[in-house]
Amino acid sequence: MDPLDALRAANPVPHDQLPSASLDRLRARVYEDAMSTNATGQAPMSARNRARLGLGAVAALALVVVLGANVATWLTPGGTTGPGNAMCVEQYSLASLGNRAFAFDGTVTAIAGERVTFSVGTAFRGVTATSVTLDAPGMTGTAITSAGGPNLVVGVRYLVAGDSTFAWACGFTQPYDTQVASSWSAALGG
């Protein structure tokens, strides 16, 4: 039972008749009691146990740092332009670029939530319109994903590849680069 409900049952005074200062003190006391006991109603852990917990946390953090430093040697870096490339469904490469339904270079003209409108410069594959609006989750600053993509900005030119209405991150969408655009064109037969 909620502590405030228990108090209301013991002394059924309508809360709207209590002064707000009394309600605030009552809530503060209930929250203080709830924070200073654990789920079984026991007092907080001793200083000795807190020290043990702190040492355990430091040891765990050291292990994470050591393992994290070694992860870089275990993974083969891909061609992604952002973090989290190990979380991508498919690693970016010129060969995997050929698996995408569309590819183009375009300049962002509008961003609304996770929807991005591009003015198409050069269509390498699958785009015939001069403007295209795509879903770009994790690349508009409205959500965080592990996919690793650029933070799209209005007025900036990008190389974009994807499927259906979805712009892929993980290197498939990246800031425009003349050499990369030439390799996209060659890889996609453009």
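The structure displayed is predicted, hence computed values, not measured ones. As a basis for the values below, the full set of heavy atoms in this structure was taken, side chains included, without hydrogen atoms, waters or symmetry mates.
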Item to check | Side-chain touch Ser119/Ser131, heavy atoms, less than 4.5 angstrom | outcome: no
Item to check | Validation row: Thr109, Phe118 side chains within 4.5 angstrom (heavy atoms) | outcome: no
Next on the checklist: What verdict does the side-chain contact (heavy atoms from CB on, under 4.5 Å) test give for Val156 and Val154, after you've listed the backbone C-alpha separation in whole Å, the side-chain angles of each residue and the deciding distance to 0.1 Å?
Outcome noted: CA-CA 6 Å; Val156 177; Val154 172; over 6 Å; no
Next on the checklist: Would you compute the distance between atom OG1 of Thr117 and atom CG of Leu152 and round it to the nearest 0.5 angstrom?
Outcome noted: 11.5 Å
Item to check | Side-chain donor-acceptor contact under 3.5 Å, Ser185 with Ser182 | outcome: no
Checklist entry - Arg125 and Phe104: side-chain contact (heavy atoms from CB on, under 4.5 Å), yes or no, with the steps? => result CA-CA 7 Å; Arg125 165 185 284 172; Phe104 64 91; over 6 Å; no
Item to check | Verdict with supporting geometry, Val120 and Thr130, side-chain contact (heavy atoms from CB on, under 4.5 Å) | outcome: CA-CA 5 Å; Val120 177; Thr130 59; 5.5 Å; no
Checklist outcome for this item: Paired with Tyr158, the side-chain contact (heavy atoms from CB on, under 4.5 Å) test is passed by just one of Asp105, Val116, Val153, Asp177, namely Val153
Item to check | Closest non-hydrogen atom pair, Ser164 against Ala101 | outcome: N-CB, 4.5 Å
Item to check | Nearest-0.5 Å distance that lies between atom CG in Asp135 and atom CZ in Arg115 | outcome: 4.5 Å
Item to check | Atom pair CD (Gln174) and CH2 (Trp184), whose distance is rounded to the nearest 0.5 Å | outcome: 5.5 Å
Next on the checklist: Can you give me the closest heavy-atom contact between Phe102 and Asp163, atom names plus distance?
Outcome noted: CE2-N, 3.4 Å
Checklist outcome for this item: Closest non-hydrogen atoms of Tyr92 and Cys170, given as atom of the first, atom of the second and distance, are CB-O, 3.1 Å
Checklist entry - Would you say Thr140's side chain and Gly113's backbone share a donor-acceptor pair under 3.5 angstrom? => result yes
Checklist entry - Hey, are the side chains of Leu159 and Thr173 touching, using non-hydrogen atoms and a 4.5 Å cut-off? => result no
Next on the checklist: Donor-acceptor pair, distance only, cut-off 3.5 Å: does the side chain of Thr107 make one with the backbone of Gly155?
Outcome noted: no
Checklist entry - Between Phe172 and Arg100, is there a cation-pi geometry (under 6.0 Å to ring centre, at most 45° from the normal)? => result yes
Checklist outcome for this item: Of all heavy-atom pairs linking Gly98 and Leu188, the shortest is CA-CD2, 3.9 Å
Item to check | Contact summary for Ala161 and Leu97, nearest pair of heavy atoms | outcome: CB-CD1, 3.5 Å
Checklist entry - Does the side chain of Ser96 come within less than 4.5 Å of Gln91's, by heavy atoms? => result no
